[in-house]
2 protein chains.
Amino acid sequence: MSTSRVDRPLGRGRGIPEATVARLPLYHRSLMGFADRGVATVSSEELAAAAGVNSAKLRKDLSHLGSYGTRGVGYDVDYLVYQVARELGLTQDWPVVIVGVGNLGHALANYGGFTSRGFRIAALVDSDPARTGELVNGLAVQSLGRLEEIIDEADVSIAVVATPASAAQEVCDRLVAAGVTSILNFAPVPLQVPSGVDVRKVDLASELQILAFHELRKQMSSLAALPQLAAHPARPGHPAHPALAPRSEATG
Amino acid sequence: MSTSRVDRPLGRGRGIPEATVARLPLYHRSLMGFADRGVATVSSEELAAAAGVNSAKLRKDLSHLGSYGTRGVGYDVDYLVYQVARELGLTQDWPVVIVGVGNLGHALANYGGFTSRGFRIAALVDSDPARTGELVNGLAVQSLGRLEEIIDEADVSIAVVATPASAAQEVCDRLVAAGVTSILNFAPVPLQVPSGVDVRKVDLASELQILAFHELRKQMSSLAALPQLAAHPARPGHPAHPALAPRSEATG
DNA sequence: AAGTGTGAATTGATTCACAGCC
DNA sequence: GGCTGTGAATCAATTCACACTT
């Protein structure tokens, strides 16, 4: 979710819905798979299956880019790969700075998926002097003090924040001040940014919690199937409740 | 996004919208922050600001859980923490298995955010015999062969897939067959699961690509501001395309 | 006076279903 | 005959605005 937005309509028939944008990388990846296997043409049905969406959605999504298919035939794989890649800005090479070289930063620096898809790690930066100079995936970790210099020299506009929560906002402020306008945030805090800067967050703990929410319902509903039902098990260790309990339902 | 869904309405006023569920962890975290700082009561405005959403949305979200606030006053922090935690299933301890102990699996195993929030890493599993026995965050990596045993013994229902793309579906099938019903997938492939199993995916490369998409528009629109404008870069009606980036499907 | 809770309005995303083209 | 592209219909999420409570 972009915390801050870019530009609203951006005019000329080119207003691609955010939900569609979020799926383009998926389509691109699936298309590359077909291309690697030498497939020349795919139908919306086939491509949709590979990407894990339904075909109506896929067709609607692609229709926002233009009419790149052939009725009765399908899509030319190479042509569509190119169009999607162009739309995503993958035809150019984006230098990315990763700030925070802890466990996660390490993993990201070593992650092949980034570098193989139009992104190049321009620098790794960490505040811990003990870490500067350390080689990670062939790149030396640099001091946080050099952040602005690095961004300027490498003309970086996309950064990854993989610092602890406590440092994230300050790092973010410096990134933005230095000219970064897109941030991928792994720190579990909502970053405040001025308008014109995009932030996307990856919140690992939240993802598990969302799964746990559904898991709980599944387990409750399978228990509810037993005759012995819905016992409200007295909650031990209540936090001190204020006055509550009144189901203040009703009204309208 | 749940690839497969659980149960639709689940009856009695308890059908919490998916978008709301996805924000509950955020609220929970923000509330914990207030609690830690000794704040007793928060308004929707304050809590919303801390969570990075607007207050109308927050109030609507909370209204799906029940009427836990006090008009004219706000929300009791401890009470609301408890209610949100209960809704999320955080009052219990969820054993989690991580499959794939590469860079990412390592990072996840060491990531404090999981263990500190109701999740316990029950086991680390990897297919590489060279890695079994290795200690990661105090836990010995186990052989993939033991997967079913582990899941059964520890009564695991939530698993994390951090394998290369090529292994993900097979691992997923085994997880599901062994009784896992919630999967957090880091591999860049859409997992096929039977209905009743939830999958959420974290797609690192896609996140960067989505940022790049918006970044490209920003850069184009700032160029468009120059007198020399909107050069329509001759769109040939035919597949005149460079085959793009060679490699694909990198691993984690 | 302050601030929640919620109907109503709006905006956005998905799905349907079929006309049009190959 | 097969399959895309897209209006229309549906469904979901967000925002508005205010009645109601303390």
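Predicted model, so just to flag it, every value in this text is computed and none were measured.
The CG atom of Leu216(B) sits 12.5 Å away from the CG atom of Leu211(B) when rounded to the nearest 0.5 Å. Rounding to the nearest 0.5 Å gives a distance of 11.5 Å between NE2 of His28(A) and OH of Tyr82(A).
Whole-Å rounding puts the Glu45(B) CD to dA1(C) C1' distance at 16 Å. A straight line from CD of Glu18(A) to P of dG12(C) spans 12 Å, rounded to a whole angstrom. When the P atom of dC16(D) is taken as reference, atom CZ of Arg59(B) falls 11 Å away, rounded to whole Å. Counting to the nearest Å, the C1' atom of dA13(C) and the CG atom of Leu58(A) are 15 Å from each other. A straight line from CG of Leu62(A) to C1' of dC3(D) spans 13 Å, rounded to a whole angstrom. Nucleotide dG2(D) holds its P atom 20 Å from the CG atom of Leu47(A), rounded to whole Å. Residue Lys57(B) contributes atom NZ, which lies 17 Å from atom P of dA12(D) at whole-angstrom precision. One atom, CG of Leu65(B), and another, P of dG5(C), lie 10 Å apart when rounded to the nearest Å.
Taking only side-chain atoms of Ser63(B), from C-beta outward, the nucleotide of dG5(C), dT15(C), dG5(D) with the closest atom is dG5(C). If you check dT4(D), dA19(D), dA13(D) against the side chain of Arg71(B), the one that comes closest is dA19(D). When each of dA13(C), dG3(C), dT14(C) is scored by its nearest atom to the side-chain atoms of Arg23(A), the top-ranked nucleotide is dT14(C).
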Might you list the N or O atoms of the protein lying below 3.5 Å from N or O atoms in nucleotides 8-11 of chain D, with each pair's distance?
none

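Between Tyr75(A) and dG5(D) there is a side-chain N or O to OP1 or OP2 distance below 4.0 Å. Here Ser44(B) reaches the OP1 or OP2 of dT4(C): one of its side-chain N or O atoms lies under 4.0 Å away. Between Asn54(A) and dT14(C) there is no side-chain N or O to OP1 or OP2 distance below 4.0 Å.
Residue-environment remark: CD (Glu170(A)) stays at or below the threshold of 12 foreign heavy atoms within 6.0 Å.
Residues in residues 35-56 of chain B take part in no salt bridge (charged side-chain N to carboxylate O under 4.0 Å, His left out) pair, two or more places apart or across chains.
Minimum heavy-atom separation, Tyr68(B) to Gln83(B): OH-OE1, 3.2 Å. Residue Thr163(B) comes nearest to Ala187(B) through the heavy atom pair O-CB, 3.6 Å, listed as atom of the first residue, atom of the second, then distance. Closest heavy-atom contact between Tyr111(B) and Ala205(A): CE2-N, 4.3 Å.
Taking for each of Ala19(A) and Ala56(A) the nucleotide of DNA chain C with the nearest heavy atom, the 5'-most of the two is the partner of Ala19(A).
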